[in-house]
Colleague: 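Provided herewith is a single structure, encoded as structure tokens, for subsequent inquiry.
We use all heavy atoms of the structure for the numbers below, so side chains are in, but hydrogens, waters and symmetry mates are not. So that the names make sense, note that chain A is the first sequence line, chain B the second, and so on, each numbered from 1. Note that the structure is a prediction, hence the values are computed from the model and not measured.
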Protein chains: 2
Amino acid sequence: MHDRSVKPLRRVDLARATGCNLETIRYYETVGIMPDPPRSAKGYRSYDETHVRRLKFVMRSRDLGFSLEEIRELMGLVDNRTQTCAEVQAVAESHLKDVQAKIADLARIERVLSETVARCTGDAAPDCAVIDALLEA
Amino acid sequence: MHDRSVKPLRRVDLARATGCNLETIRYYETVGIMPDPPRSAKGYRSYDETHVRRLKFVMRSRDLGFSLEEIRELMGLVDNRTQTCAEVQAVAESHLKDVQAKIADLARIERVLSETVARCTGDAAPDCAVIDALLEA
DNA sequence: CCTAAGGTCTGTAGCTGATACAGGCTCAAG
DNA sequence: CTTGAGCCTGTATCAGCTACAGACCTTAGG
């Protein structure tokens with residue numbers, strides 16, 4: 001009962017509530033990731049809790065490595081929830097495969113780098129194992 | 001003895017010899033990763049084996065995830081090899097730490113994603129575990 | 001009521017690391 | 001000589017932000 005006429009959030013309030021960068025909020029609006037919010041008489045954006053939730057969703061998704069395009073896709077599925085969650089699962093699974101591939105790539109890089117660094121003597125440059133590894137085919 | 005007056009390489013030859021994209025070569029020149037090559041009378045770039053080696057070095061380094069800035073640093077150390085290889089080792093080691101951190105991040109993401117996807121029933125959207133995970137704090 | 005701090009608005013530029021394209025010129029093989 | 005392949009430059013595009021300029025507005029304290 002203590003929410004009679006909740007005061008609207010300014011852009012900076014939304015930023016603070018979510019930890020999102022101020023400018024990024026505007027960016028998300030221009031690229032359609034966040035909806036255009038209602039404006040005050042003077043043109044000031046005014047947000048509410050739905051925006052906080054949505055932005056948190058976006059940020060969590062970004063944090064999990066989803067691209068903006070994937071997030072758009074996810075949110076589209078959520079917004080008109082006429083379909084089953086199988087589609088959502090498919091997006092997430094496809095993204096999971098991407099992540100696993102990236103891990104495999106990085107693991108290879110890690111192996112090469114750590115082997116190379118270990119071979120390094122710290123002596124004169126002409127004998128540097130890192131440089132050799134990069135120069136050799 | 002069969003290299004009397006080796007014929008100069010064109011840009012496309014350098015691209016083919018290294019597997020680098022044609023435009024990327026020009027890009028690397030503008031950002032100072034590759035040197036400005038000598039030009040023919042008509043202004044055509046002309047490369048030789050030193051460019052091939054240098055570009056291969058750059059590509060291998062990129063492949064191992066070094067940023068252009070890091071590559072510039074590495075090449076600076078190689079070019080005026082007045083210092084010991086300890087500096088090179090330091091660059092590589094610092095990069096190795098970055099790579100390991102990235103792997104750890106991705107591993108966390110992978111865990112969250114795979115757990116979430118596994119919880120998915122494929123049923124109606126309102127119960128979708130992926131969406132729930134993204135909506136929950 | 002006035003002032004100062006802090007917020008807001010827009011458009012635009014910069015960042016990384018490429019990649020692509022237009023429009024015009026040139027080279028080399030047949 | 002023709003034709004196709006390649007060259008040149010400048011500029012635009014992409015993701016995903018981040019930052020700044022310059023003008024305007026709001027709000028709290030004195």
Colleague: Which atom pairs, one a donor and one an acceptor, fall under 3.5 Å between side chains of residues 20-32 of chain A and the rest of the protein, sequence neighbours left out?
Modeller:
unit_1, atom_1, unit_2, atom_2, d
A:Asn21, OD1, A:Glu23, N, 2.7
A:Asn21, OD1, A:Thr24, N, 3.4
A:Glu29, OE1, A:Arg45, NE, 2.8
A:Glu29, OE2, A:Tyr47, OH, 2.5
A:Thr30, OG1, A:Tyr27, O, 2.8

Colleague: Over how many whole Å does the gap from B:Ile33 atom CD1 to C:dT16 atom C1' extend?
Modeller: 12 Å
Colleague: Please give me the minimum heavy-atom distance between B:Val52 and B:Thr18, naming the atom from each residue.
Modeller: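 Where B:Val52 meets B:Thr18 most closely, the heavy atoms are O-CG2, 4.0 Å.
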Colleague: Walk along nucleotides 9-15 of chain D from 5' to 3' and tag each nucleotide B, S or - by protein heavy-atom contact under 4.0 Å, base first, then sugar-phosphate.
Modeller: BBB----
Colleague: Under a single-linkage definition using a 4.5 Å side-chain heavy-atom cutoff for Ile, Leu, Val, Met, Phe, Trp and Tyr, are A:Tyr44 and A:Leu9 assigned to the same hydrophobic cluster?
Modeller: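 No; A:Leu9 is not reachable from A:Tyr44 via cluster members.
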Colleague: Without decimals, in angstroms, what is the distance between B:Asp13 CG and C:dC27 P?
Modeller: 15 Å
Colleague: Any side-chain N or O of B:Tyr44 below 4.0 angstrom from OP1/OP2 of C:dC27?
Modeller: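 Negative; the distance criterion is not met.
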Colleague: Find the distance B:Arg10:CZ to C:dA29:C1' and express it as a whole number of Å.
Modeller: 12 Å
Colleague: Using whole Å, what does the distance between atom C1' of nucleotide D:dC8 and atom CG of B:Asp36 come to?
Modeller: 14 Å
Colleague: Can you tell me if A:Asn21 touches the phosphate of D:dG16, counting only side-chain N or O atoms and a distance under 4.0 Å to OP1 or OP2?
Modeller: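 It does not, given that no N or O in the side chain of A:Asn21 lies less than 4.0 Å from OP1 or OP2 of D:dG16.
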Colleague: Measure the CZ-OG distance between A:Arg39 and A:Ser46 for me, rounded to the nearest 0.5 Å.
Modeller: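 Going from CZ on A:Arg39 over to OG on A:Ser46, the span is 10.0 Å.
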Colleague: Provide, to the nearest angstrom, the distance between the CG atom belonging to A:Leu22 and the C1' atom belonging to D:dA19.
Modeller: 11 Å
Colleague: Please determine if B:Glu49 and B:Arg53 form a salt bridge, counting it only when a charged side-chain N lies under 4.0 Å from a carboxylate O.
Modeller: no
Colleague: Nearest-Å distance, CG (B:Leu55) to C1' (C:dG17)?
Modeller: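 Whole-Å distance recorded here is 14 Å.
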Colleague: Would you mind reading off the distance between B:Tyr47 atom OH and D:dG6 atom P, rounded to a whole angstrom?
Modeller: 15 Å
Colleague: Is there a donor-acceptor contact under 3.5 Å from the side chain of B:Ser61 to the main chain of B:Phe57?
Modeller: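 At least one qualifying donor-acceptor pair exists.
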Colleague: Compare the minimum distances between each of D:dC17, C:dT26, C:dG7 and the side chain of A:Val12, then state the nucleotide with the smallest one.
Modeller: C:dG7
Colleague: Taking the side chain of B:Thr24 as its heavy atoms from C-beta onward, which of C:dC27, D:dT26, C:dT19 lies nearest to it?
Modeller: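 Nearest nucleotide to the side chain: C:dT19.
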Colleague: Is any side-chain heavy atom of A:Arg60 closer than 4.5 Å to a side-chain heavy atom of A:Lys56?
Modeller: yes
Colleague: Between C1' on C:dA18 and CE on B:Met59, what's the gap in Å once rounded to a whole number?
Modeller: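 Taking CE of B:Met59 and C1' of C:dA18, I get 12 Å after rounding.
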